[in-house]
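Only heavy atoms go into these numbers, but all of them, side chains included; no hydrogens, no water, no symmetry mates. Chain identifiers are assigned alphabetically (A, B, ...) following the order of the sequence lines, protein sequences preceding nucleic acid strands; residue numbering begins at 1 within each chain.
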There are 2 protein chains.
Amino acid sequence: MAARDYGQYSGISRAVELVGERWALLIIRDLLVGPRRYGELASGLARIPTNILAARLKELQAAGVIRRAPRSRVIVYELTPYGRELEPVVLALGAWGFKALGDPRDEQVITPDSMTIDLRTAFRPVVAAQLPPTAYGARLGGAELVIRVNGSALDVTRGGGDVDVAFAAGTGFRRLISGELAPERAIETGVVDVLHGRRELLDRFAETFHLAAA
Amino acid sequence: MAARDYGQYSGISRAVELVGERWALLIIRDLLVGPRRYGELASGLARIPTNILAARLKELQAAGVIRRAPRSRVIVYELTPYGRELEPVVLALGAWGFKALGDPRDEQVITPDSMTIDLRTAFRPVVAAQLPPTAYGARLGGAELVIRVNGSALDVTRGGGDVDVAFAAGTGFRRLISGELAPERAIETGVVDVLHGRRELLDRFAETFHLAAA
DNA sequence: CTGCATCCAGAATGATACTG
DNA sequence: CAGTATCATTCTGGATGCAG
């Protein structure tokens with residue numbers, strides 16, 4: 001039950017003892033977006049068995065990475081301050097893994113939380129600071145997000161709202177961000193579908209969010 | 001055998017599919033220090049079962065993270081360029097885990113490679129750049145290292161050589177680096193044992209290598 | 001209904017023995 | 001030295017049960 005240890009005295013081995021079990025980093029990823037209820041975690045991590053989710057939540061609590069917090073009648077899980085220190089690690093790991101992503105397969109889901117973190121990994125604050133504030137509406141798989149960029153600040157929320165440009169992208173999302181496909185080409189080929197708004201803002205999106213493939 | 005996938009289309013899930021299996025990140029950690037033979041990896045990761053090591057090496061090759069390279073009669077494993085891009089991830093994770101380290105337990109080993117990476121995570125190049133070049137000899141558990149700091153450059157090698165100060169530290173190593181114990185106190189209490197050289201250089205060591213506990 | 005606990009088949013790991 | 005083969009143990013995944 002407790003994470004088996006590696007018998008080594010080192011930072012890495014301690015870290016993987018704490019958060020290296022299967023599913024653990026994905027739980028942490030979703031909690032980086034915000035506190036979540038048990039059921040919210042379960043539906044965000046569609047294929048996690050419920051007993052494994054319960055076990056991981058206990059282990060991560062014991063490790064001091066997350067905690068149960070009562071919020072007006074319901075219980076949510078949230079990162080502790082120490083857990084939140086994993087943010088740079090998760091973002092760096094996500095950036096690395098993003099480069100190895102191919103096109104999404106049919107059985108793969110995109111959740112709002114995972115997409116939010118992926119957007120954070122690809123976000124270029126220095127570039128964004130030079131551009132006017134913009135709100136994008138993005139529909140990707142099952143996730144529908146409003147992405148607000150204001151200076152070097154990024155804010156991603158779920159659901160609708162007023163946006164400057166709204167688009168739907170399946171396989172195109174990664175290609176846009178990797179620079180593999182220019183925005184105009186993406187629209188032409190139908191890989192990205194602009195639903196409404198100023199379609200030229202897709203260029204700005206591609207500038208703001210960029211992660212070159214390896 | 002192949003890494004089971006999480007059914008999600010995201011950077012993190014892809015990353016943990018590639019390097020999230022048990023022992024994988026420790027193998028990568030040691031390969032970050034330099035190319036290693038099968039037997040070197042096996043002895044650095046004392047408790048890894050040999051079949052698991054063999055399996056991981058194959059999976060990591062298939063993932064494009066490492067490769068087998070023939071070096072004058074023998075075969076070594078080394079990181080691919082893509083694998084080397086994990087360096088910031090491993091260092092960040094190591095820094096996080098280091099903060100959760102307690103005192104070393106008896107059954108825990110310290111290997112030269114793991115210690116080398118831990119020193120890299122704690123190294124402060126900006127601080128080091130202000131200090132004169134210094135060579136430290138450190139004996140920690142089974143690992144005996146020569147640590148050369150020259151400006152903002154750090155070089156850690158195994159074995160002996162001329163150093164400005166040599167010291168042995170058991171539990172003291174972490175406490176020194178975390179700032180939990182001042183160098184003078186460490187020497188007084190016998191937690192750190194200066195073998196020869198200028199003992200006041202331990203202050204410089206503690207300035208150069210620092211990682212505050214959480 | 002949410003938040004888990006229990007049960008069981010199958011997969012991964014760990015220990016050890018063995019081979020080219 | 002560099003792995004492969006075998007087998008006991010542990011963990012995961014999927015289904016289901018159940019208490020607040």
NZ/NE/NH1/NH2 to OD/OE distance under 4.0 Å, [X] and [Y]:
{"X": "B:Glu85", "Y": "A:Lys99", "value": "yes"}
{"X": "A:Glu78", "Y": "A:Arg68", "value": "no"}
{"X": "A:Arg204", "Y": "A:Asp164", "value": "no"}
{"X": "B:Glu17", "Y": "B:Arg14", "value": "yes"}

Counting only side-chain nitrogens and oxygens, does [X] get under 4.0 Å of the OP1 or OP2 atom of [N]?
{"X": "A:Lys58", "N": "C:dG3", "value": "no"}
{"X": "A:Tyr38", "N": "D:dG20", "value": "no"}
{"X": "B:Arg68", "N": "D:dG3", "value": "yes"}
{"X": "A:Tyr77", "N": "C:dC4", "value": "yes"}

Tell me: [atom1] of [X] to [atom2] of [N], nearest whole Å?
{"X": "B:Leu41", "N": "D:dG3", "atom1": "CG", "atom2": "C1'", "result": "13 Å"}
{"X": "A:Leu57", "N": "C:dG3", "atom1": "CG", "atom2": "P", "result": "11 Å"}
{"X": "A:Leu26", "N": "D:dT12", "atom1": "CG", "atom2": "P", "result": "13 Å"}
{"X": "B:Leu53", "N": "D:dA5", "atom1": "CG", "atom2": "C1'", "result": "16 Å"}
{"X": "B:Leu45", "N": "D:dA2", "atom1": "CG", "atom2": "P", "result": "14 Å"}
{"X": "A:Asp5", "N": "D:dC11", "atom1": "CG", "atom2": "P", "result": "13 Å"}
{"X": "A:Ile27", "N": "C:dG3", "atom1": "CD1", "atom2": "P", "result": "14 Å"}
{"X": "B:Glu40", "N": "D:dG3", "atom1": "CD", "atom2": "P", "result": "12 Å"}

Protein-to-nucleotide contact annotation, 5' to 3' order, nucleotides 13-20 of chain C [B base; S sugar-phosphate only; - none; under 4.0 Å, heavy atom]:
SBBBB---

Salt bridge (charged side-chain N to carboxylate O under 4.0 Å, His left out) involving B:Arg174 - partner list, sequence neighbours excluded:
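If we apply the salt bridge (charged side-chain N to carboxylate O under 4.0 Å, His left out) test to B:Arg174, skipping adjacent residues, the hits are B:Asp103, B:Glu180.
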
Could you measure the distance from the CZ atom of B:Arg158 to the OG1 atom of B:Thr116? Nearest 0.5 Å is fine.
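It comes to 7.5 Å.
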
In sequence, state the C-alpha distance, the side-chain angles, and the governing distance for B:Arg22 and A:Tyr6, and then conclude on side-chain hydrogen bond (donor to acceptor under 3.5 Å, both in side chains).
CA-CA 10 Å; B:Arg22 195 161 158 76; A:Tyr6 289 88; 3.2 Å; yes

